[in-house]
There are 2 protein chains.
Amino acid sequence: MGRPSVKAERTEEILNAFERCVARYGVEGTSLERIAEESGLRRSLLRYYIGNRDEMVEALADRFIARTEGYFRELEAELPEENRIGAMIDHWFTPYEPEDSTTLVAEALIASAERYPVVQGKLRDWYDRLVGYFAAAISADYPDVDKDRCWMVALGIVSIFFNHDSMGSLGLPSRYGKASAEAARLLASTLG
Amino acid sequence: MGRPSVKAERTEEILNAFERCVARYGVEGTSLERIAEESGLRRSLLRYYIGNRDEMVEALADRFIARTEGYFRELEAELPEENRIGAMIDHWFTPYEPEDSTTLVAEALIASAERYPVVQGKLRDWYDRLVGYFAAAISADYPDVDKDRCWMVALGIVSIFFNHDSMGSLGLPSRYGKASAEAARLLASTLG
DNA sequence: CTGATACTTGTCAGATTTGACAATAAATCA
DNA sequence: TGATTTATTGTCAAATCTGACAAGTATCAG
C-alpha cells in the first residue's frame, strides 16, 4: 500500500549523473549541486534517496565495483578454451569509446580513496580481484608456469590497461592505444 | 633600487603548498583558501604573486614539467654505457617514499587536463617526451631493434610505472611494487 | 631624508555549497 | 473517501570560496 517507490530508478539516475561528473571533474571537484543539475533532479532528492556527500561517494563506489565485477564474470564465462589472456586483452583494449568512462571513474575514485577509508578498502580488494581475474586466465593458458609469475604478468597487463585509459584525457594520438595493447600482448607472450 | 623582491621564494612556497594539496585532494578539490593555510600565507598573497585560479594551475603545471624534465636530463647524464634501461627502471621503481608525490601530482594534473586546454597540451607533450627518454635508453641498449618496437616497450614500462605509483594511495601490500618493477624488466628483456 | 619599488594586511560583495527540515503533492489500498 | 506511504518542492542558515581593491608597511638607492 501507499505510493509505489521509485527509489531504485532514482538512485540509478542520480548515480549515473554523479558518475558522469566524476569522470569530468573528479570526486572532490563534483558538488552535489552539479549532480542535481546533471540529473535534472533537485538536490533535496539526492539527499532523500541516498544521503549526504560521504554516503553518495560510497554508493557510487559500491555500484561501480558491483558493475565491473559483473562485466568480469560475464567475460570470464565467454572466454575460449585456449588463449584466454589474448581474448581478455582484445576485449579490454578495444578502441576508446568516449561514452564509456569506466577507467576514468576508477582512477578518480582511487585518487580520492585516502579521504574515504571505507571506500579505500573496498577499492583495494576490488583491484586485487581484478588482477586475480587476469592471473587466472593466464594460469589457464600456461598451466606449467609458476603462479606468482603469472600474477606478476597479470599486474603488468592491468597496469598498462589502466594507464592507457587514464591518459585518454590528454588526447593522445591513436598510436598510443595500439602500442599499449601490443605491449600487453608482448608481456603475455613471455610466458610461452 | 626599491625593496628587494622575494617573488622567487614566495612563488616556490606557494607552489609547494599547492602541490601538497593537489596530491591529497586533486586539482579541483583544492581551494585557494586551503593553499593559503597550507603555505602559511594570506590568500591575497597567492593572488599577488601568481594570480587567479587558472594561473595557479598553469604555474604548477609549468614548474612540475620543468622539474621532472630536469630529473630526466640529470639521470640521462648518469646512465651507464650498457643496460641503460635497467638502470632507469632501478631508479624509478625504488621503494615508495611518502614524501615524494611526483606521480600523484602528475595523475591529478592529467585528470583535470580537460578543464585547462593550455595545460592539457603541455602535459601531452611532456608525456610524449617522457616516453621518448625511455625509448632512447632502450634504443641505445638494443641498437639493432626497430625504433617503433623500442618505443612500444618504453610506453609499456612508463605505463606500469605510472600505474604502480598512482595505486599507492590504495595502500597495497609491497608485493605490488616489486611485481611492477619485475614486469617492467621483463618487458625490456623481450628485446634481447 | 625622500622617493621608488615591492611586500603585506585587511576587508568587501557576490556566488556557491552544504545539511537540515517543513510543507505539499501523488499514488495506492481498504 | 480516507488513511497511508512515498515523492517532490521550497526554503533556511551557516560555511566557504573567489575576485577585487584600498590602505598600510618594509627596504633600498641616492
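Just so it is clear, the model here is predicted, and its values are computed rather than measured.
Taking the side chain to side chain donor-acceptor pair (under 3.5 Å) definition, one finds that B:Arg63 meets it with B:Glu12, B:Asn16, B:Glu19, sequence neighbours left out. When the side chain to side chain donor-acceptor pair (under 3.5 Å) test is applied to B:Arg10, the partners found at least two apart in sequence or on another chain are B:Glu13. Every residue was checked against the side chain to side chain donor-acceptor pair (under 3.5 Å) condition with A:Glu55, not counting sequence neighbours, and none meets it. Checked against side-chain contact (heavy atoms from CB on, under 4.5 Å), A:Glu182 has the following partners two or more places apart in sequence or in another chain: B:Met152. Scored by the salt bridge (charged side-chain N to carboxylate O under 4.0 Å, His left out) test, B:Asp90 finds B:Arg185 as partners (sequence neighbours excluded). In terms of the side chain to side chain donor-acceptor pair (under 3.5 Å) criterion, A:Trp151 has no residue partners (sequence neighbours excluded). In this view, A:Arg53 satisfies the salt bridge (charged side-chain N to carboxylate O under 4.0 Å, His left out) rule with no residue, not counting sequence neighbours. For A:Glu37, there are no salt bridge (charged side-chain N to carboxylate O under 4.0 Å, His left out) partners at least two apart in sequence or on another chain.
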Just list the side-chain donor-acceptor pairs under 3.5 Å for residues 71-79 of chain A, sequence neighbours left out, or say none.
| unit_1 | atom_1 | unit_2 | atom_2 | d |
| --- | --- | --- | --- | --- |
| A:Arg73 | NH2 | A:Tyr133 | OH | 3.4 |

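Look at CG on B:Leu41: it is 8 Å from P on C:dT9, rounded to the nearest Å. At whole-Å resolution of the value, CD1 in A:Ile50 and C1' in C:dT18 are 16 Å apart. Nucleotide D:dC17 holds its C1' atom 14 Å from the CG atom of B:Asn52, rounded to whole Å. We find that CD of B:Glu55 is positioned 13 Å from C1' of D:dA20, with the value rounded to whole Å. One can place CG of B:Asp54 at 12 Å from C1' of D:dT18, the figure rounded to the nearest angstrom. Going from atom OH of B:Tyr48 over to atom C1' of C:dT8 covers 9 Å, rounded to whole Å. Between the OH atom of B:Tyr25 and the P atom of D:dC17 there is a distance of 11 Å, given to the nearest Å. Whole-Å rounding puts the B:Leu46 CG to C:dT8 C1' distance at 13 Å.
Contact annotation for B:Tyr49: backbone-only contact, meaning every heavy-atom pair under 4.0 Å involves sugar-phosphate atoms and none involves a base.
Between A:Arg43 and B:Arg43, the residue whose closest nucleotide on DNA chain D is further toward the 5' end is A:Arg43.
Ring centers of B:His164 and B:Phe93: under 6.0 Å apart, within the cut-off.
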Base, backbone or nothing for each nucleotide of nucleotides 21-30 of chain C, written B, S, -, heavy atoms under 4.0 angstrom, 5' to 3'? ----BBBBS-

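Contact check of residues 7-21 of chain A against DNA chain C (heavy atom, cut-off under 4.0 Å) returns no residues at all. Of the residues in residues 29-40 of chain A, those placing a heavy atom less than 4.0 Å from an atom of DNA chain C are A:Ser31, A:Leu32, A:Glu33, in numerical order.
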Between B:Ile89 and B:Phe161, is a side chain to side chain contact (heavy atoms under 4.5 Å, CB included) present by the stated rule, with each step listed? CA-CA 9 Å; B:Ile89 292 174; B:Phe161 169 65; over 6 Å; no

